[in-house]
Amino acid sequence: MHDYQRDFIELTLQRDVLRFGDFTLKSGRQSPYFFNMGRIDSGAALAQLGRAYAAAVVNSGIEVDMLFGPAYKGIALAAATAISLADQHSRDLPWAYNRKEAKDHGEGGVLVGAPLKGRVLIVDDVMTAGTAVRESLALIRAQGATPAGVLIALDRQERGQSDLSAAQEVTAEFGIPVIAITSLGDVLAYAGERPELAAEHTRLVSYRERYGVNA
């Protein structure tokens, strides 16, 4: 595990983004953990989060020309990633985001920020059904740009409607990589290193055995 991944997991635990317990997911599954990026609610936490996203971009080796943040959560995440790429890695990339509803006055339209062109990396929090990603891909292509991949915070690595995870389905359908700062496998490894998380580790292993996919 890379240092930025470990730092990210510790940030999510400190901020209650990652919580252990008994949770009912939208799918109806009973999960031993829950992940809510809405808990990143301060400037310092967002800055640290942006560093983790930027490190994941650099570590992936993926070649991108700009970032795109889908409304709403992706907007702040793309901005934080762009800032950190410029500050920490000397990569000053353009970025843009969309509105949920088209603006009918002023310059109008649904896009804000830099024009979508070149290889565009979509930045979002998590991927469940992949609906937001599919909408972003259509928007990027409609502007004549090329989707380069999707960057998310956590890959749950569990089956969706098929034997594939949502991330695997996007890669298979659109031929683009899905990069995650961390995965369930990383969380498992982290919990396995800490005696105080032994009970949570056991429950995570059981959950992955029941719903997990081959990474």
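This chain uses plain numbering: 1 for the first residue, then up along the sequence.
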Of all pairs that satisfy ring-ring contact (aromatic ring centres under 6.0 Å, His included), the ones with a partner from residues 25-84, not counting sequence neighbours: Phe23-Phe34
Non-neighbouring partners of His2 that pass ring pair (Phe, Tyr, Trp, His ring centres under 6.0 Å), sequence neighbours left out: Tyr4
Listed partners of Thr171 passing side-chain contact (heavy atoms from CB on, under 4.5 Å), at least two apart: Val178
By side-chain contact (heavy atoms from CB on, under 4.5 Å) - contacts of Ala79 (at least two apart): Trp95
Tell me, do [X] and [Y] make a side-chain contact under 4.5 Å, heavy atoms counted?
| X | Y | result |
| --- | --- | --- |
| Ile176 | Val150 | yes |
| Ile40 | Val17 | yes |
| Leu49 | Phe8 | yes |
| Arg156 | Met127 | no |
| Asp125 | Leu77 | yes |
| Ile152 | Val126 | no |
| Val58 | Leu85 | yes |
| Tyr190 | Leu13 | yes |

Do you reckon [X] sits in the same ILVMFWY cluster as [Y], going by side-chain contacts under 4.5 Å, direct or chained?
| X | Y | answer |
| --- | --- | --- |
| Val170 | Ile122 | yes |
| Val120 | Tyr97 | no |
| Leu46 | Val57 | yes |
| Ile75 | Leu93 | yes |
| Met37 | Leu184 | yes |

Any donor-acceptor N or O pair under 3.5 Å, side chains Ser42, Arg15: yes
Criterion side-chain contact (heavy atoms from CB on, under 4.5 Å) on Arg19 and Arg39, from CA distance to verdict: CA-CA 11 Å; Arg19 289 181 289 161; Arg39 299 273 182 163; 3.5 Å; yes
Glu209 and Arg159 ion-paired at < 4.0 Å: no
Nearest-0.5 Å distance that lies between atom [atom1] in [X] and atom [atom2] in [Y]:
| X | Y | atom1 | atom2 | answer |
| --- | --- | --- | --- | --- |
| Leu18 | Leu154 | CG | CG | 7.5 Å |
| Asp186 | Gln157 | CG | CD | 7.5 Å |
| Leu137 | Glu173 | CG | CD | 8.5 Å |
| Leu204 | Leu188 | CG | CG | 5.0 Å |

Hey, does the side chain of [X] reach the backbone of [Y] with a donor-acceptor pair shorter than 3.5 angstrom?
| X | Y | answer |
| --- | --- | --- |
| Gln5 | Ile181 | yes |
| Asn36 | Gly38 | yes |
| Asn98 | Val110 | no |
| Ser206 | Thr202 | no |

Criterion side-chain contact (heavy atoms from CB on, under 4.5 Å) on Leu111 and Leu116, from CA distance to verdict: CA-CA 9 Å; Leu111 290 171; Leu116 290 176; 3.8 Å; yes
Evaluation steps, side-chain contact (heavy atoms from CB on, under 4.5 Å), between Ile62 and Leu121: CA-CA 9 Å; Ile62 189 172; Leu121 180 64; 4.3 Å; yes
List the atom pairs, donor and acceptor, that lie under 3.5 Å between side-chain atoms in residues 141-149 and the rest of the protein, sequence neighbours left out.
none

Residue pairs, two or more places apart or on separate chains, that pass salt bridge (Lys or Arg N to Asp or Glu O under 4.0 Å) and touch residues 109-119: Glu63-Arg119, Asp65-Arg119
Salt bridge (Lys or Arg N to Asp or Glu O under 4.0 Å) contacts touching residues 198-207 (sequence neighbours left out): Asp22-Arg203
By side-chain hydrogen bond (donor to acceptor under 3.5 Å, both in side chains) - contacts of [X] (at least two apart):
| X | result |
| --- | --- |
| Arg29 | Glu158 |
| Glu193 | Arg6 |
| Tyr211 | none |
| Thr24 | Gln30 |

Do you know which two heavy atoms are closest between [X] and [Y], and how far apart they sit?
| X | Y | result |
| --- | --- | --- |
| Ile179 | Ala56 | CG2-O, 4.1 Å |
| Pro70 | Ser136 | CG-OG, 3.4 Å |
| Ala45 | Leu11 | O-CD2, 4.0 Å |
| Ala96 | Ala114 | CB-O, 3.3 Å |
| Asp155 | Ala167 | OD2-CB, 4.0 Å |

Pair listing, side-chain hydrogen bond (donor to acceptor under 3.5 Å, both in side chains) test, anchored in residues 78-93, at least two apart: none
